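Keep in mind the model is a prediction, meaning the values are calculated, not measured.
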Amino acid sequence: MNNRIDTTLKADLKKFGLQSWNDCFHCGNCTALCPLTEDANLFPRNSIRTMQMGLKDKLMSGVDPWLCYYCGECSDTCPRDANPGEVMMTLRRYLTSLYDWTGLSKKFYTSKVWELGAILLLGGMVVLAFALFFPTINPELTADGGVRINSIMPLQWIEWADWTMGIIVAGLLISNLMRMYYKIAFGAGAVRIPLALYFKEAWQLAFHFSTQWKFSKCDGKRYWLWHWLLMSGYTIMFILIMVFLPWFQTEEIFEVWHPQRLLGYYATFGLLFGLTAVIIGRIRKSNAKFKFSHVSDWLFIVMLFLTVLTGILVHFFRIYGMPMATYYLYVAHLAVLVPMIMIEVPFSKWSHLAYRPFAIYFANLRKAAMKYHEKTEISLATT
Amino acid sequence: MANFEPKIVAFLCNWCSYTGADLAGTSRMKYAHNIRIIRVMCSGRVDPTFVLKSLREGADGVLICGCHPGDCHYHEGNYKCLRRYEFIKQYLTEMGIDKKRIRLDWISASEGKQFAELADAMTEQVAELGPCRVRSIMENVT
Amino acid sequence: MKDSRIGVYICWCGTNIAKMVDVEKIAEDIGRLENVVIARNYKYMCSDPGQDLIIKDIKEHELDRVVVAACSPRIHELTFRKALENAGLNQYLFEMANIREHVSWVHTDREEATKKAADLVRAALKRVSYHEPLDKLSVAINPATLIVGGGVAGMSAAFRLAEAGKKVYLVEKEADLGGQAARLDLSFPYLNTVSSFLQPLIRKVKEHKNIKVFTGQSISEITGYVGNFKTTTGINGKLEDLEFGHIIVATGLSNYDPSPFKNYGYGRLPDVITSIEFEKMLRSGNIKCSDGKPPRHIAIIHCVGSRNENIHEYCSRTCCATALKYANQLRATFPGAGIYDLYADMRAFSKACEELYTKTSTKDVMFLMFDPERSLPEVKQADWKDECNMLIDMHEILSGENVEVPADMVILMTAVEAQKDAKDIAHAAGISMCGNHFYIEKHPKLDPVATTTDGVFIVGTCQGPKDIPESITQAWAAAARVLAGISRGTVTVEVTTAVVNEEICCGCQTCISVCPYTAISFNEEKNVSEVNEVLCKGCGTCGSTCPTGAIRSRHFTDMQILSQIEGMLNEGKVKETHKILEEA
């Protein structure tokens with residue numbers, strides 16, 4: 001592992017949101033009161049130190065930034081106002097860009113031009129595709145008084161487009177995840193992990209993925225709830241669209257208490273509630289975690305918000321029989337959703353849905369492996 | 001002899017060794033309680049009769065401390081003391097007194113720790129020899 | 001034993017003595033002994049009420065001797081002697097027993113400690129009845145002052161004294177005045193140029209009519225005593241005799257040579273330099289590597305030679321702030337360079353130095369910490385494909401990693417040391433050195449610029465590592481002391497000197513041969529030795545040499561010491577009156 005001091009790293013990290021790099025003088029208060037840190041992974045001080053010294057290899061082979069959930073207590077108590085929480089956030093952005101082999105992630109994080117440009121490009125492509133190939137909607141209403149939404153384009157084609165997008169995005173994310181694994185498993189301080197442990201610890205992966213339980217340890221149940229609502233809303237929407245699109249995007253208008261509508265409303269509510277809470281938080285800078293907002297933070301929130309908003313309007317216009325409005329909002333909806341998915345999932349903030357649970361998984365694998373090695377050494381010694 | 005606690009009279013010169021013993025005190029160093037200190041201005045003041053008187057009055061050992069050679073506050077007093085010390089040792093041996101009961105050492109003003117160690121070493125050294133019988137013999141004679 | 005009326009006072013010293021010594025019991029037991037008129041125990045004998053107690057008892061009980069058992073006589077003997085004087089009793093009719101530094105602070109068994117303290121008190125008791133009244137001698141003070149060393153401390157003291165109208169002889173061994181300060185570029189923490197205050201000071205000193213400057217010369221021997229010292233200095237055979245009343249030693253420091261330190265590569269690698277060598281670069285205004293190019297990476301390493309049990313255990317005090325100064329100067333000169341401060345601790349304690357650290361930490365200076373007890377950084381030559389001339393291997397303890405630090409230039413913050421000839425000056429002036437060859441002050445708190453030799457003061461870095469403001473402060477303090485002495489006009493000389501009983505003296509002249517001060521002369525007429533009281537320093541060597549006992553070392557006579565031994569080793573006779581009371 002290259003352990004040479006590198007002064008250029010901190011300059012690079014400025015674009016990823018690093019405020020000041022030398023305020024921390026390593027008193028260790030942050031690590032002492034962090035509710036999520038443990039002996040096997042002590043953070044945030046050590047990560048800050050690694051960042052200060054520019055030890056990129058050590059940074060890449062560690063998972064500590066992903067184990068932090070930005071409760072912000074460290075930033076609140078730091079005697080030097082060095083914002084350790086924000087440093088960890090910066091490192092998460094940086095690692096995301098390092099895991100990505102295309103180089104696009106780095107471009108999106110460091111250049112507003114690139115990120116906005118990519119969004120506009122993809123959005124523009126969607127609009128253009130509709131303008132050229134699906135320019136109309138059947139103005140006739142259904143028997144219920146609803147809009148014939150599936151007259152814009154064949155539902156099957158949307159499904160195929162969705163799956164294509166999903167496969168591309170998932171492929172990119174998984175390949176980046178493999179790079180993350182490779183760096184960690186074969187980086188410095190790596191421990192040989194017996195195959196059996198991979199299966200034994202896998203339940204942790206599923207558990208943390210679905211509950212984000214670490215949040216609650218962090219700063220009580222409130223933020224965990226917000227985030228869980230947001231996540232569950234998004235997940236339900238995702239499943240409805242990817243797997244059950246024909247059941248979800250119908251021209252038939254069901255009763256309000258029909259599962260199709262209830263699920264949709266719950267998902268919308270979850271998304272809106274979470275998003276609103278975050279937006280208000282970021283505007284008022286009410287918490288340490290909301291004090292600093294990188295461009296990538298806002299873009300992600302804004303795009304998701306617009307997606308939800310346009311989705312609500314599409315639903316509204318469809319039910320109340322306004323075909324042209326439905327058409328335009330539908331195009332708008334897709335023009336926001338596609339760039340958001342294509343950019344955020346493999347290259348930007350969304351990727352945390354993979355990196356975080358896997359980071360916990362890798363950290364636990366390492367812990368279990370070390371315990372395993374200790375036990376075998378003891379049993380070998382006693383035989 | 002298990003519980004024999006020797007009595008040791010120590011002559012310390014004012015400028016170096018007495019100051020060094022004071023330093024051992026201010027540094028709260030702990031050492032054997034058997035030492036009784038008498039201050040002289042210079043180790044050169046120590047007359048052989050002082051050593052004899054100490055043993056006659058019941059001391060089991062005598063310790064003399066002066067400045068390190070070359071550092072005597074009065075230039076050469078410690079060298080004179082050194083000469084006398086050699087004479088005293090010889091004299092005591094001829095009188096049948098173990099010359100290990102008397103010891104000369106150099107302690108500077110900054111050597112508090114060394115003084116404490118010396119006090120312990122001297123106490124041990126004399127304890128091993130057992131009580132000095134000069135006084136008891138003299139008292140029986142007179 | 002002679003009949004005396006003795007007052008004995010056992011001090012508690014708060015809990016310092018009383019905690020380990022049963023002072024009340026000792027007072028009680030001592031009170032029963034012969035010749036003890038009154039025996040008291042009291043919390044703080046050195047306090048005003050404590051001393052008043054003695055004065056009152058002397059008057060009321062007509063005491064003619066006083067014994068105080070308390071701390072070391074080196075601390076309060078003078079205090080109590082003054083009390084006796086105030087009561088109208090000669091101050092030499094007093095003896096102190098040291099039951100604090102020599103008993104309560106160094107023993108752990110209360111019973112044994114009390115026994116030992118009692119022994120020491122009885123020793124003092126027996127001795128004091130052989131004390132004689134002595135009168136101090138007054139001698140005139142020569143108002144001139146000798147200052148050895150023309151650095152910032154020596155010059156500051158010289159200027160102060162000269163401005164007060166007193167004559168000063170300033171002797172400097174180098175060719176120029178200025179000392180270590182003249183080798184510096186800027187000073188911390190405000191980064192002002194040293195020459196801006198040093199050059200005016202040098203000029204003022206050179207031009208002052210009351211200061212005679214001798215450069216390129218040193219002092220080899222000083223004779224005399226406070227108020228009346230003499231020395232000879234000169235160059236190229238031209239000698240000059242100087243007479244003065246006080247001496248201020250301001251000989252300064254020297255810089256540690258890190259060549260023996262293999263891991264730093266000094267002397268082996270051309271771009272490893274010491275802090276003083278770097279100052280030279282700064283003063284020339286040209287910072288560059290040995291190949292003439294500007295450095296892209298500069299590393300500063302703290303504690304080179306300091307805090308090392310094999311070299312110097314002490315901390316050199318000024319290097320941390322100086323390193324911060326260098327970091328600031330380097331950043332100002334090379335905005336894009338990598339600057340690394342390899343420190344063991346960041347000791348920026350002087351006024352405005354913590355602020356200097358905070359300021360420096362905003363200048364993109366990387367602070368890397370090593371543990372000097374565990375492993376020191378190692379400087380090695382870099383590979384040709386590396387982007388730097390050297391690499392430093394260090395175990396960085398804030399991260400727990402072994403890292404490599406790139407460096408084109410390495411600045412070693414070398415320790416300060418005592419001067420190589422410190423011993424010679426110490427012998428000449430009659431002052432003591434500690435283990436590191438810095439000079440010892442009389443008492444770090446009660447008398448920080450004086451020495452145990454009256455009339456000789458030590459100022460500046462010859463006493464220990466310190467910065468310029470501290471040196472100047474000490475210099476002015478010593479100047480004030482000297483002026484106080486001169487303004488008194490006379491100084492009292494200790495009369496615990498030797499005196500010859502002409503009736504017993506056989507004229508063998510043995511005492512003359514052993515006196516180191518040639519204070520004894522032979523009177524051809526009377527065929528006896530005679531002591532010059534002013535030259536005699538009271539060492540007592542003659543007293544123990546005299547075969548007839550004719551020469552007596554006053555206040556350390558044979559009788560006094562022999563009775564002290566007796567008192568120490570015997571129980572002491574109880575008063576008749578007490579015996580009757582006890583038998584009843």
Side-chain angles (χ1 to χ4, degrees), chain B residues 5 7 9-16 18-19 21-50 53-54 56-59 62 67 70-77 80-81 84 108-112 115-116 119 135, chain C residues 71-75 96 98 100-109 111-113 115-116 119-120 123 127 423 426-427 430-436 440 452-453 494 496 514-517 537-546 549 553 555-556 558 561-570:
Chain B
E5 291 288 358
K7 278 212 185 83
V9 176
F11 294 93
L12 267 49
C13 78
N14 180 63
W15 302 101
C16 284
Y18 193 91
T19 310
D22 275 355
L23 181 60
T26 46
S27 314
R28 312 297 196 273
M29 297 189 182
K30 307 297 178 215
Y31 53 85
H33 56 77
N34 312 64
I35 306 276
R36 309 277 186 271
I37 295 171
I38 292 180
R39 180 169 73 133
V40 289
M41 291 313 283
C42 178
S43 51
R45 178 69 190 93
V46 179
D47 196 318
T49 47
F50 297 167
K53 175 76 168 176
S54 305
R56 170 67 182 86
E57 294 297 328
V62 176
C67 310
D71 292 337
C72 177
H73 188 84
Y74 302 103
H75 302 309
E76 308 156 347
K80 311 243 172 43
C81 180
R84 284 192 207 117
S108 82
S110 57
E111 288 179 329
F115 178 75
R135 178 169 181 157
Chain C
C71 51
S72 172
R74 292 180 65 251
I75 300 189
M96 255 182 104
N98 185 338
R100 188 183 73 173
E101 278 85 336
H102 291 180
V103 182
S104 69
W105 275 356
V106 292
H107 298 316
T108 49
D109 183 328
E111 207 187 302
E112 293 295 342
K115 264 198 235 157
K116 176 170 167 175
D119 286 350
L120 292 174
R127 179 194 163 116
K423 202 163 185 184
H427 280 180
I431 55 182
S432 320
M433 297 186 301
C434 68
N436 299 307
I440 301 185
T452 45
T453 308
E494 275 290 342
T496 54
V514 297
C515 177
Y517 299 100
K537 296 231 194 263
C539 69
T541 308
C542 55
S544 44
T545 314
C546 178
S553 310
H555 209 62
F556 288 91
D558 283 349
I561 297 180
L562 291 171
S563 62
Q564 199 174 358
I565 298 169
E566 240 184 74
M568 207 175 251
L569 297 165
N570 292 290

Cut-off 4.5 Å, heavy atoms of chain B, and the answer for C:Ser432 is neither
Check: Can we call the ring centroids of C:His102 and B:Phe115 under 6.0 Å apart?
Finding: no
Okay, C:Leu562 and chain B: the region with an atom under 4.5 Å from a heavy atom over there is both
Residue from C:Pro73, C:Cys434, C:Ser553 scoring the most non-hydrogen pairs under 4.5 Å with chain B is C:Pro73
Worksheet item: If we only count heavy atoms from C-beta on, is the C:Arg74 to B:Asp22 side-chain gap below 4.5 Å?
Response: yes
Applying a strict 4.5 Å limit to non-hydrogen atoms, the region of B:Thr19 in contact with chain C is both
Applying a strict 4.5 Å limit to non-hydrogen atoms, the region of C:Thr545 in contact with chain B is both
Turns out that what part of C:Asp109 lies under 4.5 Å from chain B's heavy atoms comes down to neither
When the 4.5 angstrom heavy-atom criterion is applied to B:Asn34 and chain C, the contacting part is neither
Assert top hit (heavy-atom pairs under 4.5 Å, partner chain B, pool C:Ala123, C:Cys539, C:Pro516) equals C:Cys539
- Between C:Thr541 and B:Arg45, does any side-chain donor sit less than 3.5 Å from a side-chain acceptor? no
When the 4.5 angstrom heavy-atom criterion is applied to B:Tyr18 and chain C, the contacting part is both
One option among B:Val9, B:Val46, B:Ile38 has the most heavy-atom pairs under 4.5 Å with chain C, and it is B:Ile38
Comparing B:Arg28, B:His75, B:Met29, B:Lys7 against chain C, the one with the most heavy-atom pairs below 4.5 Å turns out to be B:Arg28
What's the verdict on side chain to side chain donor-acceptor pair (under 3.5 Å) for B:Lys30 and C:His107, showing C-alpha distance, side-chain angles and the deciding distance?
CA-CA 6 Å; B:Lys30 307 297 178 215; C:His107 298 316; over 6 Å; no
Checklist entry - Going through the checks in order, is the side chain to side chain donor-acceptor pair (under 3.5 Å) test met by C:Arg100 and C:Ser72? => result CA-CA 7 Å; C:Arg100 188 183 73 173; C:Ser72 172; over 6 Å; no
Whatever's closer than 4.5 Å to a heavy atom in chain C on B:Ala116 counts as neither
Okay, B:Arg135 and chain C: the region with an atom under 4.5 Å from a heavy atom over there is side chain
Hits for side-chain contact (heavy atoms from CB on, under 4.5 Å) against B:Leu23, two or more places apart or cross-chain, chain-then-number order -> B:Thr26, B:Ser27
*On the ring face of C:Phe556, is B:Arg39 found with NZ or CZ under 6.0 Å from the centre and within 45° of the axis?*
no
From the list B:Ala119, B:Cys72, B:Ala32, the residue making the most non-hydrogen contacts under 4.5 Å with chain C is B:Ala32
> Does the pair B:Glu57/B:Lys53 count as a salt bridge with the N-to-O cut at 4.0 Å?
Replying inline: yes
